[in-house]
Peer 1: 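This is the structure I want to talk about, given as structure tokens.
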Amino acid sequence: METPRVYPPPVAMPPRQKQLLFSVSGVLGFSCALTAAVAAGLPLWLRGTVLCRTGAELVNATGPELEQFLGELSYGLFHGQMVKQCGLGGRPSRFSFFPDLLGAVPAGLHVSVIFFCGVVVLFSSVASGFFFFNAFGRPYEMLQGPTGLYLWTGICCVSSCLVLVLFSCEVKLHRLSERISNFREENFEFQTFREDYGRCFWLFFLVLVLHGLNALLTRLVAVQLPLQENKEVTLGGGASDLMY
């Protein structure tokens with residue numbers, strides 16, 4: 001008669017190690033909230049160069065002569081600055097999206113970018129608080145346990161991704177830099193010569209990566225660590241002895 005095998009149950013992660021991982025996740029979540037809040041307000045989302053097309057075509061400028069018709073442009077989600085070059089020296093100016101440029105830019109798309117930035121800041125703070133609560137408190141199941149951590153972190157990841165995608169669409173598909181350069185411009189026409197995403201854009205990409213790391217840490221805490229297999233334990237040995 002074959003006897004069943006009994007293996008030792010898996011052992012959960014030690015409390016101190018769990019506290020350490022949740023605390024690290026909480027610090028990362030709080031850092032993401034601060035980073036997103038600061039990045040949303042700085043005018044460092046895009047740096048570019050705009051060409052005064054009208055002036056360059058009038059003198060048939062090529063090669064080094066184009067430098068006299070290349071201006072600089074940098075902006076964020078709320079304001080920015082620009083230097084227009086049309087062969088007669090630079091014309092520096094500052095601009096604000098609200099309320100000046102609302103009629104010139106895709107307002108719905110731009111407001112959506114700002115809205116999801118706010119969502120990232122809010123839910124990063126919420127996720128940070130729940131991570132610390134799971135580290136030092138006694139969370140219930142459902143939203144205060146791992147389910148809640150996955151939910152808040154997932155919302156932050158999706159919102160951060162939407163910020164990057166929507167802003168890229170606004171810049172590339174709707175030609176945001178050209179719209180800004182040609183706003184209230186009657187005599188000259190400007191076109192984008194070069195565009196580079198700025199530090200704030202890449203900071204939001206870092207926020208996305210950190211929230212993904214938090215999701216992995218949450219999964220690591222939830223994993224049960226099995227013990228090494230001990231010797232087989234036989235059951236029913238006494239009954240077999242009685243029978244035989």
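Just so it is clear, the model here is predicted, and its values are computed rather than measured. Hydrogens, waters and symmetry mates are skipped; everything else that's a heavy atom, side chains included, is used.
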Peer 1: Going by side chain to side chain contact (heavy atoms under 4.5 Å, CB included), name the residues that satisfy it together with L34, two or more places apart in sequence or in a different chain.
Peer 2: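 Counting only residues at least two positions away or on another chain, L34 forms a side chain to side chain contact (heavy atoms under 4.5 Å, CB included) with F30.
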Peer 1: Go through the structure and list residues passing side chain to side chain contact (heavy atoms under 4.5 Å, CB included) with C156, not counting sequence neighbours.
Peer 2: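 Applying side chain to side chain contact (heavy atoms under 4.5 Å, CB included) to C156 gives F123, S124, H211.
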Peer 1: Side chains of C157 and L208, heavy atoms from C-beta outward: is any pair under 4.5 Å?
Peer 2: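 Of all side-chain heavy-atom pairs linking L208 with C157, at least one is under 4.5 Å.
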Peer 1: Taking C-beta and beyond as the side chain, do L220 and L216 meet within less than 4.5 Å on heavy atoms?
Peer 2: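 Side chain of L220 against side chain of L216, heavy atoms only: no contact under 4.5 Å found.
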Peer 1: Treating Ile, Leu, Val, Met, Phe, Trp and Tyr as nodes and any side-chain heavy-atom pair under 4.5 angstrom as an edge, say whether L44 and V163 lie in one connected cluster.
Peer 2: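 No, no single cluster joins them.
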Peer 1: Side chains of F95 and L73, heavy atoms from C-beta outward: is any pair under 4.5 Å?
Peer 2: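 SC-SC contact between F95 and L73 confirmed.
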Peer 1: Do the non-hydrogen side-chain atoms of V27 and F131 ever get within less than 4.5 Å of each other?
Peer 2: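 Answer no - side chains too far apart.
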Peer 1: In the hydrophobic clustering that connects Ile, Leu, Val, Met, Phe, Trp and Tyr at side-chain heavy-atom distances below 4.5 Å, which members other than V165 occupy its cluster, ordered by chain and number?
Peer 2: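 When side chains under 4.5 Å apart are linked, V165 ends up in no cluster with other residues.
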Peer 1: With sequence neighbours excluded, tell me which residues meet salt bridge (Lys or Arg N to Asp or Glu O under 4.0 Å) with R94.
Peer 2: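 Testing R94 for salt bridge (Lys or Arg N to Asp or Glu O under 4.0 Å), a comparison that skips the adjacent residues, returns none.
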Peer 1: Can you name the side chain to side chain contact (heavy atoms under 4.5 Å, CB included) partners of S168, sequence neighbours left out?
Peer 2: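 Expected list: Y197, F201.
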Peer 1: State, to 0.1 Å, how close A36 and V207 come at their nearest heavy-atom pair, and which atoms those are.
Peer 2: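 Minimum heavy-atom contact is N-CG2, 4.5 Å.
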Peer 1: When you look at CZ of R179, are more than 12 heavy atoms from neighbouring residues, nucleotides or ligands closer to it than 6.0 Å?
Peer 2: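 Yes, because the 6.0 Å sphere around CZ of R179 holds more than 12 heavy atoms from other groups.
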Peer 1: Any side-chain heavy-atom pair from F130 and T153 closer than 4.5 angstrom?
Peer 2: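 No, side chains not in contact.
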Peer 1: Can you tell me how far the CZ atom of F205 sits from the CG atom of L210, to the nearest 0.5 Å?
Peer 2: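 Reported to 0.5 Å precision, the distance equals 10.5 Å.
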Peer 1: Rounded to the nearest 0.5 Å, what separation is found between the CZ atom of R16 and the OG atom of S23?
Peer 2: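 R16 CZ to S23 OG: 13.0 Å, rounded to 0.5 Å.
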Peer 1: Can you pull out every ring-ring contact (aromatic ring centres under 6.0 Å, His included) where at least one residue sits in residues 41-79? Sequence neighbours excluded, please.
Peer 2: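 Only W45-F167, W45-F204 qualify under ring-ring contact (aromatic ring centres under 6.0 Å, His included).
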Peer 1: Donor-acceptor pairs under 3.5 angstrom involving side-chain atoms of residues 187-194: please list them, not counting sequence neighbours.
Peer 2:
residue	atom	partner	partner atom	Å
R194	NE	D196	OD2	3.2
R194	NH2	T49	OG1	3.4

Peer 1: Please report the closest heavy-atom contact between L66 and A56, naming both atoms and the distance.
Peer 2: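 In terms of heavy atoms, the two residues are closest at CD2-CB, 4.1 Å.
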Peer 1: Side-chain heavy atoms under 4.5 angstrom apart, residues restricted to Ile, Leu, Val, Met, Phe, Trp, Tyr: same cluster for V121 and L162?
Peer 2: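 Looking at the clustering, L162 is in a separate group from V121.
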Peer 1: Relative to the ring of F136, is the ring of F132 parallel (under 30°), tilted (30 to 60°) or perpendicular (over 60°)?
Peer 2: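 Parallel: the ring planes of F132 and F136 meet at under 30°.
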Peer 1: Would you say that more than 12 heavy atoms from the other residues, nucleotides or ligands in this model lie under 6.0 Å from the CZ of F98, or not?
Peer 2: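 Correct, the count exceeds 12.
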Peer 1: Would you kindly confirm whether V120 and W202 end up in one hydrophobic cluster when ILVMFWY residues are joined by side chain heavy atoms under 4.5 Å apart?
Peer 2: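 Yes; W202 is reachable from V120 via cluster members.
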Peer 1: Quick one: side chains of residues 106-115, donor-acceptor pairs under 3.5 Å with protein atoms, not counting sequence neighbours, listed by atom name and distance.
Peer 2:
residue	atom	partner	partner atom	Å
H110	ND1	E170	OE1	3.3
H110	ND1	E170	OE2	2.8
H110	NE2	L77	O	2.6
S112	OG	G108	O	2.8

Peer 1: Could I get the full list of side chain to side chain contact (heavy atoms under 4.5 Å, CB included) partners for E72, not counting sequence neighbours?
Peer 2: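 Not a single residue meets the side chain to side chain contact (heavy atoms under 4.5 Å, CB included) criterion with E72.
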Peer 1: Answer whether the closest heavy-atom distance between the side chains of V171 and L46 falls below 4.5 Å.
Peer 2: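 Sidechains of L46 and V171: in contact.
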Peer 1: Compare every heavy atom of E195 with every heavy atom of S177, then report the nearest pair and how far apart it is.
Peer 2: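 That closest heavy-atom pairing would be OG-OE2, 2.6 Å.
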Peer 1: Could you pull out all residues at least two apart from Q68 that satisfy side-chain hydrogen bond (donor to acceptor under 3.5 Å, both in side chains)?
Peer 2: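 side-chain hydrogen bond (donor to acceptor under 3.5 Å, both in side chains) list for Q68, sorted by chain: empty.
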Peer 1: Kindly compute the distance separating OG (S74) from CD (Q81), expressed to the nearest 0.5 Å.
Peer 2: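 The CD atom of Q81 is 4.5 Å from OG of S74, to the nearest 0.5 Å.
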Peer 1: What's the spacing between L51 CG and C86 SG if we round to 0.5 Å?
Peer 2: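 The CG atom of L51 sits 9.0 Å away from the SG atom of C86.
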Peer 1: Are I155 and L217 linked, directly or through intermediate hydrophobic residues, by side-chain heavy-atom contacts shorter than 4.5 Å (ILVMFWY only)?
Peer 2: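 Per the 4.5 Å side-chain linkage, L217 and I155 are co-clustered.
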Peer 1: Which value, rounded to the nearest 0.5 Å, describes the distance between R199 atom CZ and R47 atom CZ?
Peer 2: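 The CZ atom of R47 is 8.5 Å from CZ of R199, to the nearest 0.5 Å.
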Peer 1: Do L213 and L151 belong to the same hydrophobic cluster, where Ile, Leu, Val, Met, Phe, Trp and Tyr are linked whenever their side-chain heavy atoms lie under 4.5 Å apart, directly or via other members?
Peer 2: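 Linked within one cluster.
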Peer 1: Would you sort out whether F97 and I180 count as a side chain to side chain contact (heavy atoms under 4.5 Å, CB included), showing the intermediate values?
Peer 2: CA-CA 9 Å; F97 284 94; I180 295 173; 3.8 Å; yes
Peer 1: Which Ile, Leu, Val, Met, Phe, Trp or Tyr residues join V83 in one cluster when any pair of side-chain heavy atoms under 4.5 Å counts as a link?
Peer 2: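 Besides V83, the hydrophobic cluster comprises nothing; the residue is isolated.
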Peer 1: Quick one: list whatever passes side-chain hydrogen bond (donor to acceptor under 3.5 Å, both in side chains) with R53, sequence neighbours left out.
Peer 2: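 In terms of side-chain hydrogen bond (donor to acceptor under 3.5 Å, both in side chains), with neighbours along the sequence ignored, R53 is linked to E57.
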Peer 1: In Å and rounded to the nearest 0.5 Å, what is the CG to CZ distance from N182 to R184?
Peer 2: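 These two atoms lie 14.0 Å from each other.
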